[in-house]
Structures are given as C-alpha cells and as structure tokens.
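Step one of this worksheet: look at the structure below.
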Amino acid sequence: MDNVLIIGAGAAGSVVAKKCAMNRDVFKKIHLASRRIESCKKVQAECKTPIEISQLDADNVADTVALLNKVKPDLVINMALPYQDLAIMDACLEAGVNYMDTANYEPRDEAKFTYKYQWPYNDKFKAKGLMAVLGCGFDPGVTNIFCAYAQENLYDEIHTIDIIDCNAGSHGKAFATNFNPEINLREVTQRGKYWKNGEWIEIDPLSISTMIDYPEVGPVKSYLIYHEEEESLVENIKGLKEIRFWMTFSDNYIKHLEVLQNVGMTRIDPVMHKGTPIIPMEFLKSVLPEPSSLAENYTGKTSIGVVLKGEKKGKKKRYMIWNVCDHAETNKEVGAQAVSYTTGVPAVTGAIMMFKGIWKGKGVFNVEQLPPEPFLEELAEQGLPWQVKEIEKADQKKLFAVET
C-alpha cells in the first residue's frame with residue numbers, strides 16, 4: 001500500500017494532503033480531489049512534494065467510482081462533509097478501495113450524530129475484503145485511542161470517561177467557527193446527551209456547565225454536549241458506567257449563537273426568500289469566515305484529552321491523558337490553525353498505520369478497536385505529542401463534583 005486519495009480540500013483536508021506530502025516514504029502517490037478545483041490547486045502549490053489533483057462531486061457515486069478506477073488508490077481518506085460519508089463508502093465498495101473518515105455520517109435534514117448508518121456497512125466491507133476506519137480525527141479519534149490505551153495499560157476496568165475539549169485560542173474575528181460552520185453550529189445547537197448506567201440521557205442544549213482545569217490553559221467554563229465518540233466507546237470500553245463530553249465556548253460565541261438562533265439563522269429546514277427556497281444555516285455559512293482563513297493571526301492553544309476513573313488491581317485510579325497544540329506553531333508548519341491540524345494529523349497517522357500493516361482487518365472499525373500504542377507513538381512523531389498523568393480528585397474537583 002502506497003497510494004492515497006484524499007477527498008476534501010478544506011481546512012483539515014489541506015492538512016492531510018500537506019502532511020502526506022511530508023511522508024513520501026509511506027505515501028508514494030498522493031491525489032487530492034474536491035468540488036472546488038481552485039482549492040486543490042492552492043493546496044497543491046503549498047505541498048512540499050508534488051501531488052496530483054482532480055475536481056470531484058463526492059455526492060455522485062458514479063463520478064467517485066470513475067476517479068477511483070483512474071487513480072487506483074489503496075485508501076480513500078474522506079475529509080469531505082459528513083453528509084457525503086455514505087456516498088463515498090458506496091464508491092469505495094464498488095471500486096474495491098479501503099476507507100477512512102474523521103466524522104460520522106449526518107443526514108442533511110437532521111442534526112444527529114450516530115453510527116447507525118455506517119456500522120451496517122460492516123458485512124459489505126467484510127465481503128469485499130476491505131477495511132473501513134471510522135472517526136480518525138482528534139475527537140472522535142485520538143480521544144478514543146487514549147481510552148483504548150488506558151484500557152490496555154492503566155485499568156482493569158474504566159468506570160467513567162470525561163472527554164474534555166478546550167480551544168483557548170483567539171482568531172481576532174467577531175464571530176467565526178474553527179471548522180465547517182454548518183457542521184459546527186449543528187453540533188452545538190442540538191440537544192445534549194450523555195450515557196449513564198446503560199441509558200442515554202438527553203438535556204437542553206448547553207444547559208449543564210462546569211469549570212475544567214485544562215493543561216497549559218487553566219480553568220475554563222465548559223459545556224456538556226453530545227459527541228459521536230461516546231456512542232462507540234460505550235460499545236468498546238468494558239465496565240463503563242458513564243461517559244460525558246465537554247467543550248469550551250467563549251461568552252462571545254454563546255452571545256452570537258443565541259442571537260443567530262433567535263432570528264432563525266441556525267435552521268436547517270428550507271425557508272422561502274423572494275420565491276426561492278434557502279436553508280438559513282447554509283446561507284450563514286456563506287457569510288462567515290472560512291476556517292482556513294483564520295490561521296494567519298490565530299494565537300493560543302488547544303488542550304484536548306480524557307479524564308478517567310476506574311480500578312486497577314482493586315484500587316481506584318484517576319488518570320488524565322491529553323495533547324496541547326499551539327495555533328501559531330501549526331500555522332508555521334502547514335499554514336493551518338490548530339483545530340484543523342488536530343483533525344488532519346490523526347487521519348494521516350491512521351493511514352500510516354494501515355499502510356504499514358499495523359492496523360488491518362476486514363469490515364468497519366472504530367479506532368479504539370485497533371492497536372493504540374503504535375498509533376500514539378507515530379502521532380507524537382507527526383506533531384501531536386501526548387501526556388498521561390495520574391491525578392487526584394482535587395485536580396479536577398469541579399468536574400468530579402458534577403452529578404449527572
């Protein structure tokens with residue numbers, strides 16, 4: 001395996017292409033495809049080694065199959081929109097190509113995170129002798145693998161998982177999203193949800209918050225929201241009793257979000273405008289800054305990880321595993337802000353695992369089902385070093401005090 005096709009040339013897709021181009025010992029052939037050929041040309045010009053490009057509408061399965069038959073990749077890294085996951089998986093099955101993505105499928109008309117659409121592809125990929133790896137970004141992705149590492153090395157049983165995600169950076173804009181605005185706002189405005197004692201519990205959006213102490217950042221107010229990795233970790237981490245996901249949002253972000261919601265700009269159903277149906281969220285996306293445009297003046301850091309409680313040899317243990325990433329440093333390396341970098345680099349790392357035969361199998365896999373240690377070793381080499389530390393209850397006193 002040495003031939004990769006990347007679909008999607010947005011902020012995170014460009015990171016994948018550029019990092020693959022820095023690893024030519026693994027990726028001998030690199031092809032980038034996107035709906036906008038101009039985006040591909042820009043990325044192509046910024047890669048350290050030559051890559052090929054094509055224009056592609058990934059919603060069109062026949063067109064994608066034609067490109068796959070032409071390029072003959074060993075792996076497709078899907079960095080397109082989550083709406084396109086199933087179409088790209090269908091094309092991979094038809095052309096006989098392995099598949100990877102960083103976010104699970106979402107229907108366009110329903111803001112729901114769920115693997116119920118992709119997990120049923122398991123038998124199809126098995127029958128074709130192909131591998132599909134789901135959610136190989138940071139969260140989902142690296143956070144799942146932190147949990148798998150903890151399960152193998154730190155615990156006999158993990159009882160609770162808190163996934164914590166802080167972007168303490170500043171881009172200088174009045175309001176902007178760090179990745180595709182449409183996906184970001186759908187994620188935040190849907191009802192929150194967490195899993196406890198065998199059942200899913202829903203809450204109103206952003207109705208539960210607490211202060212969490214983030215490494216190299218400090219205490220930041222964080223909100224309980226739902227995120228897709230919870231769904232797969234519930235299935236794959238033994239002994240689990242509760243899992244929650246926390247993300248930081250600035251007061252300024254919350255203020256803008258409330259206004260946008262109040263005036264109907266976060267709606268995903270069509271409304272009539274001068275006789276033409278438009279979707280407000282899609283219009284809003286067109287007037288907000290492109291996430292890839294934020295990198296140049298971005299300062300500060302992201303701090304993302306997991307806080308775990310469980311038992312080892314009958315003793316209660318608390319651990320924290322995390323990564324800190326600097327916006328200015330990632331811009332210096334690949335011309336991208338840290339949110340895009342922390343999504344793209346894990347996808348490249350996962351592809352390296354597949355190309356080296358370390359991650360292998362037939363069917364559909366979430367990343368925590370695959371060997372964690374070689375991935376984490378390579379992840380650090382690729383620019384995302386991680387740390388693990390045993391902690392006391394007092395280290396995350398307010399987080400542990402939240403009763404849900």
Side-chain angles (χ1 to χ4, degrees), residues 111-113 138-140 143 146-147 159-171 173-179 181 183-197 199-231 233-234 240-262 265-266 300-309 318-325 338-339 342 391-404:
K112 290 289 183 184
F113 291 108
F138 205 100
D139 47 347
T143 50
F146 285 162
C147 294
H159 294 156
T160 70
I161 298 171
D162 282 295
I163 301 165
I164 58 172
D165 184 324
C166 173
N167 178 15
S170 174
H171 46 57
K173 307 287 185 184
F175 182 76
T177 61
N178 296 294
F179 54 95
I183 303 303
N184 178 258
L185 294 172
R186 285 164 62 110
E187 174 181 297
V188 176
T189 55
Q190 69 170 293
R191 285 176 64 77
K193 190 166 68 170
Y194 62 95
W195 187 87
K196 184 175 183 178
N197 296 330
E199 64 177 336
W200 290 103
I201 300 166
E202 287 196 9
I203 61 172
D204 290 334
L206 308 181
S207 60
I208 296 177
S209 63
T210 190
M211 297 297 288
I212 295 175
D213 195 356
Y214 291 89
E216 297 187 38
V217 171
V220 185
K221 188 176 183 179
S222 308
Y223 294 84
L224 194 157
I225 67 171
Y226 177 65
H227 225 243
E228 64 221 65
E229 59 265 48
E230 295 173 85
E231 185 178 17
L233 288 168
V234 162
L240 192 63
K241 297 176 181 177
E242 183 177 40
I243 185 167
R244 308 181 293 191
F245 185 99
W246 304 86
M247 184 174 279
T248 61
F249 303 101
S250 68
D251 291 342
N252 181 64
Y253 182 98
I254 296 292
K255 177 183 71 176
H256 279 80
L257 183 63
E258 287 176 350
V259 172
L260 292 169
Q261 284 183 288
N262 288 340
M265 287 305 298
T266 60
K301 299 175 180 179
T302 62
S303 183
I304 311 172
V306 295
V307 177
L308 311 115
K309 292 191 293 183
R318 297 178 180 88
Y319 282 95
M320 187 170 180
I321 313 175
W322 73 93
N323 162 266
V324 173
C325 191
V339 176
T342 55
I391 61 173
E392 301 296 328
K393 188 174 183 179
D395 293 326
Q396 293 290 348
K397 183 178 179 181
K398 292 189 176 181
L399 173 62
F400 290 138
V402 179
E403 289 289 337
T404 48

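Computed over heavy atoms, backbone and side chain alike; hydrogens, waters and symmetry mates excluded.
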Check your understanding: Counting distance only, does the side-chain N/O of E230 pair as donor-acceptor with the main-chain N or O of H227 below 3.5 Å?
Key -> yes
Practice item. Would you check if E202 and Y226 make a side-chain contact, meaning some heavy-atom pair closer than 4.5 Å? Key: no
Check your understanding: Please walk me through it: do I163 and R244 pass side-chain contact (heavy atoms from CB on, under 4.5 Å)?
Key -> CA-CA 6 Å; I163 301 165; R244 308 181 293 191; over 6 Å; no
**Study point:** Candidate pair D213 and Q396, rule side-chain contact (heavy atoms from CB on, under 4.5 Å), full reasoning
**Key:** CA-CA 6 Å; D213 195 356; Q396 293 290 348; 3.8 Å; yes
Practice item. Could you tell me whether a side-chain N or O of T302 sits under 3.5 Å from a main-chain N or O of N167, the two making a donor and an acceptor? Key: no
Study note, to complete from the structure: Between the CZ atom in R191 and the CD1 atom in I203, the distance rounded to the nearest 0.5 Å is 8.0 Å
**Study point:** NZ-CD1 distance between K309 and I391, expressed to the nearest 0.5 angstrom
**Key:** 9.5 Å
**Study point:** Nearest heavy atoms of I243 and Y194, plus distance in Å
**Key:** O-CB, 3.4 Å
Check your understanding: Counting N and O atoms only, with roles assigned by atom type, does the side chain of S303 sit under 3.5 Å from a partner on the main chain of C166, one being a donor and the other an acceptor?
Key -> no
**Study point:** Closest non-hydrogen atom pair, V306 against T143
**Key:** CG1-O, 3.9 Å
Practice item. Quick one: pull up CD1 in I164 and CD1 in I212 and give me the separation to the nearest 0.5 Å. Key: 5.5 Å
Check your understanding: E392 and F400: which non-hydrogen atoms are nearest, and at how many Å?
Key -> O-CE1, 4.2 Å
**Study point:** Min side-chain heavy-atom separation L233-F245 under 4.5 Å
**Key:** no
Check your understanding: Would M320 and D395 count as a side-chain contact (heavy atoms from CB on, under 4.5 Å) if you check the C-alpha gap in whole Å, the side-chain angles of each, and the deciding distance to 0.1 Å?
Key -> CA-CA 10 Å; M320 187 170 180; D395 293 326; over 6 Å; no
Exercise for review: Could you check whether the rings of F138 and F146 sit parallel, tilted or perpendicular, using 30° and 60° as the cut-offs?
Suggested key: perpendicular
Point to revise | Under 3.5 Å side-chain donor-acceptor pair for Y214 and S222 | key: yes
**Study point:** Check: K196 side chain, T404 main-chain N or O, donor-acceptor pair, under 3.5 Å
**Key:** yes
Practice item. State the CG-CG distance between D162 and L308, to the nearest 0.5 angstrom. Key: 8.5 Å
Exercise for review: Give the intermediate values and the outcome of side-chain contact (heavy atoms from CB on, under 4.5 Å) for residues V307 and W246.
Suggested key: CA-CA 11 Å; V307 177; W246 304 86; over 6 Å; no
Practice item. Find out whether I304 and N323 are in side-chain contact, i.e. whether some heavy atom of one side chain is under 4.5 Å from a heavy atom of the other. Key: no
Exercise for review: Compare all side-chain heavy atoms of T248 with those of K221 and state whether any distance is below 4.5 angstrom.
Suggested key: no
Review point. Could you state the interatomic distance from CG (D165) to CE (M247), rounded to the nearest 0.5 Å?
Key: 4.0 Å
Check your understanding: Would you say K241 and N197 make side-chain contact, with heavy atoms under 4.5 Å?
Key -> yes
Review point. When rounded to the nearest 0.5 angstrom, what is the spacing between CG in D139 and OG1 in T342?
Key: 7.0 Å
